[in-house]
Each structure stands twice: as C-alpha cells, then as structure tokens.
Amino acid sequence: MGKKSSFAASESGTGVCAALPAPVQAVIEAIEMDVIRGRILPRNRLIEDHLMEDYAAKRHVVRAALAQLQRLGVVVKPPHLGAHIRRFDAQSLRDLYHLRAVLHRAAVASMPLPVAPDRLMQVRHAAHHRTAVGGVREIPVEWMWVHVIPL
C-alpha cells in the first residue's frame with residue numbers, strides 16, 4: 001500500500017493523499033483495490049465497522065478515508081443512508097477511459113527511450129512479483145512514474 005492512490009491523484013502529480021496521514025492513505029488505497037477487484041461494488045453500503053475490520057483501522061481513520069473519497073466524488077453519502085461507491089453512468093465511464101488513454105499516451109511520450117536496462121529489469125521483477133503474489137498483471141501507472149520514469 002505504498003503507492004499514491006489513483007483516486008487521490010492530483011494535477012500536480014503529488015496526489016491529494018500526500019497530505020493525509022499514512023493510515024488514512026492506506027485505507028483509501030485498500031478501498032481502491034477492492035473496487036478495482038470487484039470486492040466492493042457501486043451502491044454497496046460501506047459500513048464503518050466492516051471497513052474497520054477489513055482494513056484493521058480505527059473508526060476515525062475509516063471516517064477520514066470516506067470523507068476524502070467523498071470530496072473526490074468517488075463515495076456518495078446521502079443523509080441517513082450511509083456511504084457507498086458512486087455508480088458512474090456510461091458517458092462518465094467513456095470520459096474516464098478517454099482521459100486514461102490520453103494520460104497513458106502522454107506518459108509514454110515523456111519517457112526517455114530506450115529505457116535503461118536496470119530500470120527495465122526492476123519493472124520485470126515487479127511485474128513477476130505482483131503476478132506471483134496477488135495475481136495482478138497490471139502495474140499501476142503511479143509505480144511506473146516513481147520507479148521507471150525519472151522526473
């Protein structure tokens with residue numbers, strides 16, 4: 001959970017989470033991974049007690065994480081109904097995927113090529129480790145920016 005959260009990425013590239021306490025950032029990242037893996041679905045209630053147990057976090061940490069995700073528009077919290085992950089409509093999803101494609105192209109265009117062999121070996125090692133440990137085949141873009149692309 002050491003990477004910056006995609007939910008919390010900002011225009012500056014430092015991430016909104018950079019100013020948050022580490023436990024709050026860790027819960028945000030864990031919720032993000034659970035959404036990506038389909039463990040948390042849109043409109044499923046996010047119950048504080050369950051989140052505390054799932055992420056071994058204190059109530060104030062879970063509340064701070066949910067508040068941050070609500071500020072980012074990822075979590076919706078109608079009065080007296082509890083929090084849940086926002087359900088995106090088809091146009092919003094198309095817009096998000098378009099933005100992702102634009103950002104990926106910009107990232108690749110800014111990479112110094114060819115990539116140094118030692119940096120490429122780090123990426124291969126990380127990809128192998130992530131696949132062997134968690135079955136995740138995609139390396140987060142944030143990791144690539146920190147470990148592969150020198151700023």
Side-chain angles (χ1 to χ4, degrees), residues 1-104 106-107 110-111 119 121-151:
M1 286 190 209
K3 71 176 183 71
K4 298 271 190 307
S5 171
S6 299
F7 285 152
S10 72
E11 295 169 2
S12 67
T14 58
V16 175
C17 275
L20 296 173
V24 175
Q25 183 175 340
V27 169
I28 290 172
E29 292 168 3
I31 291 172
E32 174 186 24
M33 288 309 300
D34 282 350
V35 169
I36 290 169
R37 291 180 176 152
R39 292 185 186 135
I40 299 176
L41 301 174
R43 298 197 178 154
N44 281 7
R45 285 189 56 213
L46 299 172
I47 300 168
E48 286 180 6
D49 290 336
H50 295 171
L51 297 174
M52 290 168 51
E53 183 179 327
D54 290 347
Y55 306 128
K58 298 185 184 277
R59 187 172 306 277
H60 73 277
V61 171
V62 168
R63 285 183 177 168
L66 291 175
Q68 178 64 20
L69 291 170
Q70 184 178 8
R71 280 191 288 280
L72 294 167
V74 175
V75 166
V76 181
K77 192 173 180 189
H80 311 294
L81 294 178
H84 62 270
I85 299 295
R86 175 180 165 208
R87 183 174 175 92
F88 292 91
D89 61 22
Q91 184 59 47
S92 295
L93 289 174
R94 281 191 292 274
D95 293 345
L96 285 170
Y97 277 98
H98 175 73
L99 178 61
R100 181 180 181 183
V102 168
L103 291 174
H104 276 261
S110 69
M111 286 178 63
R119 290 195 180 266
M121 186 56 79
Q122 290 174 349
V123 172
R124 286 186 178 139
H125 176 72
H128 175 73
H129 177 73
R130 287 178 59 87
T131 302
V133 172
V136 179
R137 294 179 185 211
E138 183 176 317
I139 296 175
V141 173
E142 297 89 350
W143 188 93
M144 297 290 286
W145 278 106
V146 171
H147 295 286
V148 179
I149 305 168
L151 299 177

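Numbering starts at 1 and runs along the sequence shown. Bear in mind the structure is a predicted one, so any value in this text is a computation, not a measurement. Values reported hereafter were calculated over all heavy atoms of this structure, with side chains retained and with hydrogens, waters and symmetry mates removed.
Every residue two or more places apart in sequence or in another chain that forms a salt bridge (Lys or Arg N to Asp or Glu O under 4.0 Å) with Arg59 is listed here: Glu48, Asp49. Checked against side-chain hydrogen bond (donor to acceptor under 3.5 Å, both in side chains), Asp95 has the following partners two or more places apart in sequence or in another chain: Gln91. Take Leu41 and apply the side chain to side chain contact (heavy atoms under 4.5 Å, CB included) test, not counting sequence neighbours, and it matches Asn44. Take Arg45 and apply the side-chain hydrogen bond (donor to acceptor under 3.5 Å, both in side chains) test, not counting sequence neighbours, and it matches no residue. By the side chain to side chain contact (heavy atoms under 4.5 Å, CB included) test, Asp54 is found to be paired with no residue, residues two or more places apart in sequence or in another chain being considered. Taking the salt bridge (Lys or Arg N to Asp or Glu O under 4.0 Å) definition, one finds that Asp89 meets it with nothing, sequence neighbours left out.
In terms of heavy atoms, Ala107 sits closest to Ser110 at O-OG, 2.9 Å. For the residue pair Ala83 and Val75, the shortest heavy atom distance occurs at CB-CG1, 3.7 Å. Considering every non-hydrogen atom in both Val62 and Ala57, the closest pair reads CG2-CB, 3.9 Å. Nearest heavy atoms, Ala64 versus Val24: CB-CG2, 3.7 Å.
Ile40 CD1 to Glu32 CD: the interatomic distance, rounded to the nearest 0.5 Å, is 11.0 Å. Distance CG/Leu46 to CG/Leu69: 8.5 Å, rounded to 0.5 Å. Here the CZ atom belonging to Arg63 is positioned 9.0 Å from the CE atom belonging to Met52, to the nearest 0.5 angstrom.
For the pair Gln25/Glu29, a side-chain contact is recorded, criterion being any heavy-atom separation below 4.5 Å from C-beta on.
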Check against side chain to side chain contact (heavy atoms under 4.5 Å, CB included), Leu66 and Leu51: CA-CA 10 Å; Leu66 291 175; Leu51 297 174; 4.0 Å; yes
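The list of side chain to side chain donor-acceptor pair (under 3.5 Å) pairs with a residue in residues 70-87, not counting sequence neighbours, reads Gln68-Arg71.
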